[in-house]
Amino acid sequence: MKTIFHVDMDAFFVSVEELFDPSLKGKAVVVGGPKDARGVVSAASYEARKFGVHSALPLRTAAKLCPHAIFLNGHPDRYRDYSHKVHGVLNEFSPKVEMASVDEAYMDLTGTERLLGPPLQAAHRLHLRMKQVTGLNCSVGIATSRLVAKVSSDQAKPNGILWVQPGLEANFLAPLDVRRIPGVGKVTEQKLKDYGIRKVGDLARLDEPFLRRRFGQWGLALAGKSHGMDAGSWFDGDIGDNDDPKSISHEHTFDTDTAEPMELEATLARLAEKVARRLREHEFHANIVHLKLRYKDFTTLTRSKTLPQSTQLDHELIAESRHLFRQAWDGKTPIRLIGTGVSGFEAHEGQLGLLDSEKNQRARQALAAVDRIRDKYGEKSVKLATGLTADHAERVHENPVGLPGKGPRDKSK
DNA sequence: TCTGGGGTCCTAGGACCC
DNA sequence: TCTGGGGTCCTAGGACCC
């Protein structure tokens, strides 16, 4: 029988902002951007939530519901920083910690009783220690499965601890809306409602053949979840061995939709550069390139291409994503969002060395130099000639490091 | 209301291979 | 001529999470 903790930071982004500006405390605060921007709420203070503001709500809607709220852009670097501090605190309690996102984590505390005491006592100490080190509140759910621990931390909010004792999982879940089950969103909730299923208890009473007929494999997983089990491949595996990313992507939504090829391709190149940069940071090579487009009416299309040879180089990702873009776009429909990404990672190096063209080796060296300078002086210190349609590899050789204003920045011609 | 950006996982058809 | 079964890869789309 396992003892799983789910630790969830309370109003994380807002709370970090309050640490840097205590005058925000107790006020309606919305992190996500200016009130008139195209975008959604990333986090809302409890005060703002009283007015119906919640995450994922369009900012403009939030401004109508709560006109007096303070709207902040937020500081992703600070959140990442504090996320590391949180991770550090959790590691004091168990070596088996898995950050599920910036502000939440699973921990395996099985067999720590002799050291930390019974679960509630350990959770209490964790609570205090978290506040002491980070200045932040968190909620802790304790159970025998990840699923139930997660649901119980949710029920414990804010700043609470909730332990669902072994054997009581199904009883705990039964009265809750099916929507509380991680993995059940709007669509599944509606489908279940069509069958009169609203509460987790309703779900738990159904027989498996029925669920399998109506929902396939997903139905069987749902049945398990309704009893508190970590069903499906989702939650499988030990806590803590889930490190490396499986995909890396960047996307951009324009302030106003655009059909300007120059603007679109320059943006795409910039995004591809960021992707390549992160690929090199991880020392990954990717062999699948993805493109994403979203039109005014929000219809979204994706294209992807498996490369014959994996890469981590700017010019190759730029060329491939641009190729996908030119194939996918009709050249006139205004575009709201453009994005690119990679997947299919290999950690390799080695056998390729000999096959690597001299051209790519030089591009690689040039990019390594650029990465080092960016590490030192910041992302904007170096600008590559990426908006260009010319052969980037050649450009990179001629002018590997173009300081702002000095590099070949003429994008038009 | 008018919908970000970064991810994960699942499904499903067709290609291709044995 | 009619016609297997299974496995894996590729691609597109979609649900969902924070």
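All heavy atoms count here, side chains included; hydrogens, waters and symmetry mates do not. Chain letters run A, B, ... following the sequence lines, proteins first, then strands; residues in each count from 1. As the structure is a prediction and not an experimental result, all values here were calculated from the model.
Side-chain proximity of A:Arg60 to the nucleotides B:dG4, B:dT3, B:dT8 is greatest for B:dT3. Here the nucleotide nearest the side chain of A:Arg179, chosen from C:dC18, C:dC16, C:dC17, is C:dC17. Comparing B:dG5, B:dC9, B:dG4 against the side chain of A:Ala56 picks out B:dG4 as the nearest.
For the contact set between residues 290-306 of chain A and DNA chain C, defined by any heavy atom under 4.0 Å, the members are A:Leu301, A:Thr302, A:Arg303, A:Ser304, A:Lys305, A:Thr306.
Each of A:Leu307 and A:Thr188 was matched to the nucleotide of DNA chain C holding its nearest heavy atom; the match closer to the 5' end belongs to A:Leu307. The residue among A:Ser247 and A:Thr61 whose nearest nucleotide of DNA chain B lies closer to the 5′ end is A:Thr61.
The side chain of A:Lys64 contributes an N or O atom lying less than 4.0 Å from OP1 or OP2 of B:dC2. Distances shorter than 4.0 Å separate some side-chain N or O of A:Lys150 from OP1 or OP2 on C:dC18. Contact annotation: A:Arg336 side-chain N/O to B:dG4 OP1/OP2 distance is under 4.0 Å. A sub-4.0 Å separation between OP1 or OP2 of B:dT3 and a side-chain N or O of A:Arg38 is present. Residue A:Ser101 places none of its side-chain N or O atoms closer than 4.0 Å to OP1 or OP2 of B:dG7. Between A:His250 and B:dG6 there is a side-chain N or O to OP1 or OP2 distance below 4.0 Å. Side-chain N/O atoms of A:Ser249 include none lying less than 4.0 angstrom from OP1 or OP2 on B:dG5.
A:Leu59 comes within 4.0 angstrom of nothing in the nucleic acid, heavy atoms only. Counting any heavy atom pair closer than 4.0 Å across all strands shown, A:Val40 reaches a base atom.
Using a 4.0 Å cut-off between charged nitrogen and carboxylate oxygen, A:Glu251 and A:Lys292 count as a salt-bridge pair.
Between C:dG4 and B:dC17, the distance separating the two C1' atoms is 14 Å to the nearest Å.
Aromatic ring orientation, A:Phe254 versus A:His252: perpendicular (interplanar angle above 60°, classes split at 30° and 60°).
Summarising the local packing, NE2 of A:His124 is surrounded by 12 or fewer heavy atoms from other residues, nucleotides or ligands at distances under 6.0 Å.
Stem analysis of DNA chain B (Watson-Crick or G-U pairs, both distances under 3.5 Å, runs of at least three) returns B:5-18 with C:5-18.
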